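Below is one structure. I have some questions about it.
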Number of protein chains: 2
Amino acid sequence: MLSNKDSPVSLDQRNATRLRVLEHIRTRGATSRIDIATALNTSPATVTAATADLISAGLIKEVVGESKSKSAKRGRPRVLLQLDGSSYFVAGLKIARQVISVLLVDFEGKEVTLHTHSLNKTSMSPRDLVKTIYTALEEACSRTEMTIGDLSGVSIGIAGLVDAKRNFVHWSSSLTERNVDFSRLFKEYIPCPAFIENDANLVAKAEQLFGLGIGLRNFLVVTIEHGVGLGIVLDGKLYRGERGCGAEFGHAKVQLDGALCQCGQRGCLEAYVGDYALIREMTVATQDRKPETVSDIHERANSGEQMAISVLNRAGQMFGLGISNLINLFDPECIILSGAQMSFEHLCSDEVMDRIQSGVANVDAPLPDIKVHHWGDLMWAKGAAAYGIEQVSILKVKELPTNAA
Amino acid sequence: MLSNKDSPVSLDQRNATRLRVLEHIRTRGATSRIDIATALNTSPATVTAATADLISAGLIKEVVGESKSKSAKRGRPRVLLQLDGSSYFVAGLKIARQVISVLLVDFEGKEVTLHTHSLNKTSMSPRDLVKTIYTALEEACSRTEMTIGDLSGVSIGIAGLVDAKRNFVHWSSSLTERNVDFSRLFKEYIPCPAFIENDANLVAKAEQLFGLGIGLRNFLVVTIEHGVGLGIVLDGKLYRGERGCGAEFGHAKVQLDGALCQCGQRGCLEAYVGDYALIREMTVATQDRKPETVSDIHERANSGEQMAISVLNRAGQMFGLGISNLINLFDPECIILSGAQMSFEHLCSDEVMDRIQSGVANVDAPLPDIKVHHWGDLMWAKGAAAYGIEQVSILKVKELPTNAA
DNA sequence: GTTAAATATTTTACCCGCTGAAATAAATAT
DNA sequence: ATATTTATTTCAGCGGGTAAAATATTTAAC
């Protein structure tokens with residue numbers, strides 16, 4: 001009798017097909033089997049098999065409705081397939097300085113509830129952080145009919161250097177310790193799969209699944225907030241680097257021995273563009289009237305204050321220089337500038353775009369698209385949720401039986 | 001009767017396996033089938049099939065000799081497989097400013113002959129360039145018993161912005177025209193498959209196949225010569241960007257509105273590090289004693305001339321800044337500094353390494369290796385040959401019959 | 001209203017590449 | 001000479017995918 005052991009190659013192959021079908025449905029919305037087969041360049045028979053598996057797992061469902069693509073006049077109508085949001089739920093968390101945001105979403109990414117948990121310290125020990133995350137999750141669930149046990153995945157975004165593959169945080173301003181392996185702590189406190197990632201990478205995932213990156217395979221997402229973050233998507237996947245700490249754009253050096261940065265080094269982009277940098281500059285220049293936020297600086301600039309204009313202007317020039325370097329290196333399809341607040345117009349001005357243009361090696365081919373995306377406050381948590389949905393999709397597909405039931 | 005049409009998926013799958021086996025033999029040298037099966041995590045039966053195909057195509061051959069890995073005391077001895085260099089020959093060309101270097105190699109990369117064809121102009125029309133390439137190829141072949149018709153591939157390295165997938169050159173200092181599609185010209189003049197690529201990408205290929213990049217999957221190669229070039233290898237493949245003009249490191253901006261560069265922009269790394277930049281600086285500072293080469297500057301620095309020391313020092317600082325930015329973005333396994341001449345010690349000094357170290361976001365994990373590779377003068381042409389061998393390998397594998405003969 | 005045509009999906013028979021087990025090959029130890 | 005060990009090849013079978021046929025479900029035509 002021959003072995004019945006699953007050959008790993010074949011298993012991976014089939015799951016890869018299932019995942020490709022699932023991803024296509026997620027990005028394109030309600031689609032028919034025949035359209036999926038055409039789009040994925042595969043046979044209808046394969047799509048029938050894959051979708052049957054996904055339906056049995058509760059990941060997708062058949063819906064009634066009109067096909068968006070060419071509607072035939074005659075013949076059997078197409079059956080549309082859509083994500084089934086109701087089977088699984090995921091929590092996306094963003095660890096910010098003052099607050100943890102918890103966004104509970106269904107499997108389509110639709111918001112179930114949002115909860116904000118205040119922090120009294122801007123940094124804490126890993127164990128305390130995970131305990132606080134658990135509390136925040138419980139509070140969020142208590143607003144719904146769910147319990148933590150109903151969650152299929154928890155995804156956590158944090159600023160800093162994170163090796164997501166290992167749930168390992170090299171360093172984060174939210175932690176009092178370096179080199180933290182969260183996988184053990186998660187197993188101890190969180191009763192479902194949990195993932196931690198760099199926050200900018202998560203926003204990149206959100207752009208890819210729900211935002212301006214839908215359908216793109218090579219793009220960069222630059223996040224603008226307290227600091228400057230970067231997410232790199234190459235060939236449809238997040239690029240993280242060998243040790244998981246690549247895509248450090250905020251601390252790219254734009255000036256030899258330049259301004260002092262939070263990180264202790266000199267000349268970092270963030271030291272010219274980050275909000276704390278702008279506030280510091282304004283404070284030095286106008287001791288008596290310290291601005292509280294970047295919006296304050298904007299207001300003063302709009303009302304004609306030369307110093308404010310100059311500060312914002314230099315930030316824009318440095319930012320443009322950094323972006324042009326990204327284009328020179330990556331030559332992406334698109335760069336998405338993502339921010340949750342409206343306080344980064346000075347980084348999207350015509351002058352900045354001119355600076356970018358003038359810094360890119362000149363070819364007679366159109367520049368990559370530079371798109372500005374003003375998200376709501378939920379940007380970061382949505383990013384975490386997007387990543388969680390993706391990871392849980394992978395887990396659920398792997399759990400599918402090898403042979404049809 | 002059912003269709004016998006090859007399903008493209010399966011065909012690609014088998015060819016991918018054949019190529020993986022071929023690549024393994026190329027990088028590891030003489031190896032037995034059992035070792036290949038273990039290394040590629042596949043079954044001996046598959047390796048038997050793949051190697052039989054590769055042998056019938058003349059790509060590899062069985063050789064006698066001792067296995068390098070654990071030699072068993074008893075049992076059937078392992079049969080070693082090695083590249084068969086004698087079946088196919090490839091020409092690697094480097095278009096430099098004064099000269100075209102032609103390196104004829106066998107399929108193992110062993111030099112058959114080297115020929116240098118002088119140019120009387122530093123730039124010419126695309127058609128003239130291809131004609132000149134043909135002449136240079138003829139001259140090189142005439143030194144051997146080969147003719148151009150015996151070549152299985154011609155690979156051409158050129159400085160500038162090249163979209164290798166399309167054999168399209170956006171811009172090159174060696175051409176009097178922009179936006180040149182070489183595929184038609186190659187068909188017209190070159191009687192075998194021909195490929196054109198950015199020269200730094202080719203050096204990266206050479207490092208991957210023959211040099212310090214063997215076995216690495218994510219590394220960067222920085223070339224230092226007249227200008228500064230970059231080749232990016234991610235997941236074992238050259239990363240070229242969406243329009244094929246990524247990896248432009250020489251024109252990355254390291255200073256806002258800085259020194260004027262050849263390219264017409266300001267603040268490019270090359271404008272601080274390129275040899276013409278150093279010579280220009282020295283000329284301004286010491287009008288009466290213009291240095292001819294970077295080596296001259298080195299000599300003067302070694303003999304204690306402050307101005308020369310200062311010029312080289314600043315170049316090193318700027319270079320270190322650029323490298324640290326690469327590490328921050330890519331977090332590679334390794335960065336290889338490749339140069340054909342010995343005139344870049346000032347870019348590998350301890351001060352430069354300190355500058356790199358101090359510019360990399362700090363994690364408690366070892367920095368990527370920074371390796372210095374002093375090639376001979378053949379560096380560029382060897383790179384072209386490496387790329388040619390790889391491309392021809394792919395072509396030959398694709399030409400294999402679907403069913404065993 | 002019935003039938004024909006059109007189109008979507010499912011079923012079925014089979015192809016292809018890979019695998020494990022068995023067979024074979026080629027050496028050494030006894 | 002025979003047993004043992006190890007490498008390679010052969011071979012039957014598995015799993016995923018496909019083309020073609022079958023089936024399902026609609027509209028158009030009469």
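Only heavy atoms go into these numbers, but all of them, side chains included; no hydrogens, no water, no symmetry mates. Treat the numbers as computed from the prediction; the structure is a model and nothing was measured. Just so it is clear: chains get the letters A, B, ... in the order the sequence lines come, proteins before strands, and each one is counted from 1.
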Worksheet item: Could you give the CD-to-P distance, from Glu62(B) to dA26(C), as a whole number of Å?
Response: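 Checked: the CD to P distance equals 11 Å.
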Worksheet item: Under 4.0 angstrom, heavy atoms only, what part of the nucleic acid is Val79(B) near: base, sugar-phosphate, or nothing?
Response: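 Sugar-phosphate, backbone atoms only, no base.
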Fill in: d(CD1, Ile34(B); P, dA26(C)) in whole Å
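Taking CD1 of Ile34(B) and P of dA26(C), I get 16 Å after rounding.
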Item to complete: Examine the side chains of Arg20(A) and Thr42(A) and answer whether a donor and an acceptor come within less than 3.5 Å of each other.
Response: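 No, no side-chain donor-acceptor contact under 3.5 Å.
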Worksheet item: Is the distance from OP1 or OP2 of dT10(C) to the nearest side-chain N or O of Arg33(A) less than 4.0 Å?
Response: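 So the side-chain polar atoms of Arg33(A) do come within 4.0 Å of the phosphate oxygens OP1 or OP2 of dT10(C), strictly under.
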Worksheet item: Between dC18(C) atom C1' and Arg20(B) atom CZ, what is the distance in whole Å?
Response: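 Arg20(B) atom CZ is separated from dC18(C) atom C1' by 11 Å.
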Worksheet item: When the distance from CD1 of Ile55(A) to C1' of dT10(C) is rounded to whole Å, what number comes out?
Response: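 These atoms are roughly 13 Å apart.
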Fill in: Atom-pair distance (CD1 on Ile36(A); P on dT18(D)), nearest Å
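Taking atom P of dT18(D) as the reference, CD1 of Ile36(A) is at 14 Å.
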Fill in: Non-neighbouring partners of Ser152(B) that pass side-chain hydrogen bond (donor to acceptor under 3.5 Å, both in side chains), sequence neighbours left out
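Not a single residue meets the side-chain hydrogen bond (donor to acceptor under 3.5 Å, both in side chains) criterion with Ser152(B).
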Item to complete: Return the nucleotide paired to dT30(C): Watson-Crick means purine N1 to pyrimidine N3 with N6-O4 or O6-N4, wobble means G-U with N1-O2 and O6-N3, both under 3.5 Å.
Response: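 Checking every strand shown, dT30(C) finds its partner in dA1(D), with both distances under 3.5 Å.
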Worksheet entry | Atom pair distance, as rounded to whole Å: CG in Leu19(A) and C1' in dG16(D) |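 From Leu19(A) CG to dG16(D) C1': 15 Å.
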Worksheet item: Is there a donor-acceptor pair under 3.5 Å between the side chain of Asn218(A) and the backbone N or O of Pro332(A)?
Response: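 No; judged by distance alone, with no hydrogens or angles, the pair does not exist.
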Worksheet entry | Atom pair CD1 (Ile60(B)) and CZ (Arg18(B)), whose distance is rounded to the nearest 0.5 Å |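 These two atoms lie 11.5 Å from each other.
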Worksheet entry | Gap between atoms CZ and C1', on Arg78(A) and dT10(C) respectively (whole Å) |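 Rounded to whole Å, this separation is 17 Å.
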Worksheet item: How about Ile36(A) and Ile25(A): do any of their side-chain heavy atoms sit closer than 4.5 Å?
Response: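 A side-chain contact exists here, since the closest heavy-atom pair is under 4.5 Å.
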Worksheet item: Looking at the side chain of Ser43(A), which of dA19(D), dT10(C), dT19(C) is the nearest nucleotide?
Response: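 Closest nucleotide to the Ser43(A) side chain: dA19(D).
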Fill in: Side chain of Thr48(A) - closest among dT10(C), dT19(C), dT18(D)
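Selected nucleotide: dT10(C).
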Discussion item. I want to check a possible cation-pi pair here: Arg243(B) against Phe168(B), using under 6.0 Å from ring centre and within 45° of the ring axis as the test.
Written reply: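 So Arg243(B) doesn't make the cation-pi contact.
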Worksheet item: Does a side-chain N or O from Thr42(B) land closer than 4.0 Å to OP1 or OP2 of dC18(C), or not?
Response: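 Looking at the OP1 and OP2 atoms of dC18(C), neither is under 4.0 Å from any side-chain N or O of Thr42(B).
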Fill in: Any residue meeting side-chain hydrogen bond (donor to acceptor under 3.5 Å, both in side chains) with Glu197(B), in chain and number order, not counting sequence neighbours
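Expected list: Asn201(B), Arg240(B).
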What pairs of nitrogen or oxygen atoms, one from the protein and one from nucleotides 26-30 of chain D, lie under 3.5 Å apart?
{"unit_1": "dT26(D)", "atom_1": "O2", "unit_2": "Gly75(A)", "atom_2": "N", "d": "3.1"}
{"unit_1": "dT27(D)", "atom_1": "O3'", "unit_2": "Lys73(A)", "atom_2": "O", "d": "3.3"}
{"unit_1": "dA28(D)", "atom_1": "O4'", "unit_2": "Arg74(A)", "atom_2": "NH1", "d": "2.8"}

Worksheet item: Atom CG of Asn41(A) and atom C1' of dG16(D): how far apart are they, to the nearest Å?
Response: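 Spelled out: CG on Asn41(A) to C1' on dG16(D) is 16 Å.
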